[in-house]
Amino acid sequence: MTTHHDPGTATGHEDTGTHGQAMPHAHAHSAVDEDHQVHAHGQHAGHSTAMFRNRFWLCLVLTLPVLLFSPMFAHLLSYHVPRFPGSAWIPPVLGTVVYLWGGAPFLRGGLTELRAKQPGMMLLIAMAITVAFLASWTTTLGIGGFELDFWWELVLLVVIMLLGHWMEMRALGAASSALDALAALLPDEAEKVLDGDTVIVAVAELAVGDVVLVRSGARVPADGVITAGTAEFDESMITGESKAVPRGVGETVVAGTVATDNTVRVRVEAVGADTTLAGIQRMVAAAQESSSRAQALADRAAALLFWFALSAGLLTAVAWTLLGSPDDAVIRTVTVLVIACPHALGLAIPLVIALSTERAAKAGVLIKDRMALERMRTIDIVLFDKTGTLTAGAHAVTGAAPVPGVSEGELLALAAAAEADSEHPVARAVVTAAAAHPEASRLGLRGTGFRAATGRGVSATVEGSAVLVGGPNMLRELGLESPAALAAATRSWAERGAGVLHVVRDGQVIGALALEDTVRPESRAAVRALQERGVRVAMITGDARQVAEAVGADLGIDEVFAEVLPQDKDSKVVELQDRGMTVAMVGDGVNDAPALARAEVGIAIGAGTDVAMESAGVVLAGNDPRTVLSMIDLSRAGYRKMLQNLVWAAGYNVVAVPLAAGVLAPAGIVLSPAVGAVLMSASTIVVALNAQLLRRLDLDPARLAATGTGEPRPAERPAVAS
């Protein structure tokens, strides 16, 4: 433990909190670990991307000699199999290794599905490779005199299925847990106050009633109440809103938030599982669990195909046995069961997912959840978080009103000179506005004697005059009133929720400035284009209703949720879902995490927090809301390709299985095992080429928003009450 002298409530960088605005701190996004186990449920439980990758490459190496020495493969390609002592044993030996080692994930997965009585892709693959394995060994050992050499088909099937699952898991990605990202918001240590000194202790050692010192720029280690000092707190990690909140003695502060300007003492009121942050963790976990139970499209198709193949195999065996041809019964039943698992079905979905993921990445979209991409085509409403998503998330000067005798440029120049030495975001906005104004930048005024007062304003000497810049608190302390000449401008600014700063020179108010979180130019195009596609647009924010409604009216948004508490965003998503809507949520703050996980599609802004990105199924690399349009178009195009590939793969079975079973044998039409295997491979090629057509899809968000392309969904939409 380390002991420090307690500086009390000494101020450090005190100007940083002057105007009540603090910007979110940047957080590096967790790296994607390809070897990470990405599934706790379903067919990939306990499997890693690296496992499928490694097995694919080794099995591919073993497959090549099996193909070379396979009589059936040689017959198909019209070449002579190399002969030397023991060469005949190469296909069965290597084929057995591929079956037992390469096929192990499918055999285990098939057994799990069988025990759960939920047949799917794994059981279908396991059945096909096991039948091929047993039939091939029967032929190799000369039992029964059957010609059922499926070694080459067995190894190809395993290799292609490994490739498909590797591609699929790469597309799904392996991201670090949202819960870990939430926990990372807490500091590891805290400064506990003991007898006038501070002692460094682990956060886990804190107990209710302890007093901790939170310095300027440090995170609050536990939920508590301020007992000494006043500071502005950056709560953007929790609320998602960019405006810092002043907190004083007796007020509550939340673990994970940051004291931006002063040092305060906090009495701990909640630790561990009782903190607000822990509550959000529980909400995220529950929401993630509730949205992880959907089955993939390929699994549903595989389940149907499994029963179809099993039924066809049994009927084939019974029918040919009753017809007095037991040899034909064996040959045709084996053929049916082997070709019932076409390569095409194993690649139909993974190929589209992999290509969709690649196309999305080029458009600035990281697809973390395949179901999110599939669901995007069904979205009824997109719920945008306001700050940092539809707006820039930073204040900018949007209006200047000088009194008669003072020009706008002079007003900005004086305000900027007074704010020049402040690092506060509001000060930066004023300085930036002055630099962009021709007259103000030409005047180039400089201030001296800079002073700041938390929550009130700043002061400096400019050209021999005392200049002060601040809000209503400053005017009240100085006993000044805003001149009537400014009333109309300041009233209109206040009505739309803008912040108002007054500029005072030598005791006289000479003008006012409006500061607002500006709407992104891309937001208007995004809202319009979404509505043209038949998708409603809603906005959610903790801001005051007049601020929210002003932004909503400016953008033409269908529904606005204002003054929403951090813990209530999740419930707003549920409210929309209860109306029968499929919801896509777009956000960037920690408080957005439960809502992102609860929505059918959670879309995190890449410039936001780790927690938001880990909770979402989709991450936008940038902060352009128009990118949502790219997702919708990609989802619709990808879903069409999935259906086309599945129809082709299943259609092949619908035709090939009856022929392999000998339905047309009386007419002299019989699908031999060799021909069935060839058709199976041809089906795979068709599926692969069809998926490649996704590369032609243009996902440029600027073009999509400008052209307004996209077809509205024909489904009737329920009315939404504002």
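Along the sequence shown, residues carry numbers from 1.
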Derivation of the side chain to side chain contact (heavy atoms under 4.5 Å, CB included) call for Val193 and Arg265: CA-CA 8 Å; Val193 178; Arg265 290 190 183 192; 3.9 Å; yes
Minimum heavy-atom separation for [X] to [Y], with atom names?
| X | Y | value |
| --- | --- | --- |
| Ala526 | Leu629 | O-CD2, 4.3 Å |
| Val560 | Ala548 | CG1-CB, 3.7 Å |
| Val431 | Ala420 | CG2-CA, 4.1 Å |
| Val509 | Pro483 | CG1-CD, 3.5 Å |
| Gly399 | Trp493 | C-CZ2, 3.7 Å |
| Ser441 | Ala435 | CB-O, 3.6 Å |

Counting N and O atoms only, with roles assigned by atom type, does the side chain of [X] sit under 3.5 Å from a partner on the main chain of [Y], one being a donor and the other an acceptor?
| X | Y | answer |
| --- | --- | --- |
| Arg219 | Gly256 | yes |
| Gln531 | Gly556 | yes |
| Asn262 | Thr230 | yes |
| Arg428 | Ser422 | yes |
| Asp506 | Ala466 | yes |
| Asp234 | Thr260 | no |
| Thr257 | Val254 | yes |
| Ser523 | Val519 | no |
| Asp558 | Val537 | yes |

[X] side, atom [atom1]; [Y] side, atom [atom2] - distance, nearest 0.5 Å:
| X | Y | atom1 | atom2 | result |
| --- | --- | --- | --- | --- |
| Leu414 | Leu445 | CG | CG | 5.5 Å |
| Leu411 | His502 | CG | NE2 | 10.5 Å |
| Glu191 | Thr198 | CD | OG1 | 4.5 Å |
| Phe384 | Leu530 | CZ | CG | 5.5 Å |
| Leu515 | Thr398 | CG | OG1 | 6.5 Å |
| Glu477 | Leu468 | CD | CG | 10.5 Å |

So do [Y] and [X] actually touch side chain to side chain, heavy atoms under 4.5 Å?
| X | Y | value |
| --- | --- | --- |
| Thr252 | Asp223 | no |
| Pro625 | Val586 | no |
| Arg579 | Ile381 | no |
| Glu205 | Lys192 | no |
| Leu475 | Val504 | yes |
| Ile540 | Met585 | yes |

Other residues, nucleotides and ligands only: do more than 12 of their heavy atoms fall within 6.0 Å of [atom1] on [X]?
| X | atom1 | result |
| --- | --- | --- |
| Glu575 | CD | yes |
| Asp188 | CG | no |
| Glu481 | CD | no |

Apply side chain to side chain contact (heavy atoms under 4.5 Å, CB included) to Glu600 and Gln577, showing your working. CA-CA 9 Å; Glu600 279 78 6; Gln577 291 170 332; 3.0 Å; yes
As a quick check of understanding, evaluate side chain to side chain contact (heavy atoms under 4.5 Å, CB included) for Arg446 and Thr448, giving each step before the final call. CA-CA 7 Å; Arg446 295 288 183 270; Thr448 58; over 6 Å; no
Knowing that exactly one of Thr541, Ile557, Asp554 qualifies, which makes a side-chain contact (heavy atoms from CB on, under 4.5 Å) with Leu390? Ile557
May I have the step-by-step check of side chain to side chain contact (heavy atoms under 4.5 Å, CB included) for Leu513 and Leu412, ending in yes or no? CA-CA 8 Å; Leu513 304 174; Leu412 282 170; 3.8 Å; yes
Stepwise salt bridge (charged side-chain N to carboxylate O under 4.0 Å, His left out) check, Lys569 with Asp385: CA-CA 9 Å; Lys569 286 192 175 182; Asp385 176 55; 2.7 Å; yes
Salt bridge check: are Glu559 and Lys572 linked by an N-O gap of less than 4.0 Å?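 Between Lys572 and Glu559 there is no salt bridge, as every charged N stays at least 4.0 Å from the carboxylate O atoms.
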I'd like to know if Arg520 pairs up with Asp624 as an ion pair, taking the criterion as any Lys NZ or Arg NE/NH1/NH2 lying under 4.0 Å from an Asp or Glu carboxylate oxygen. no
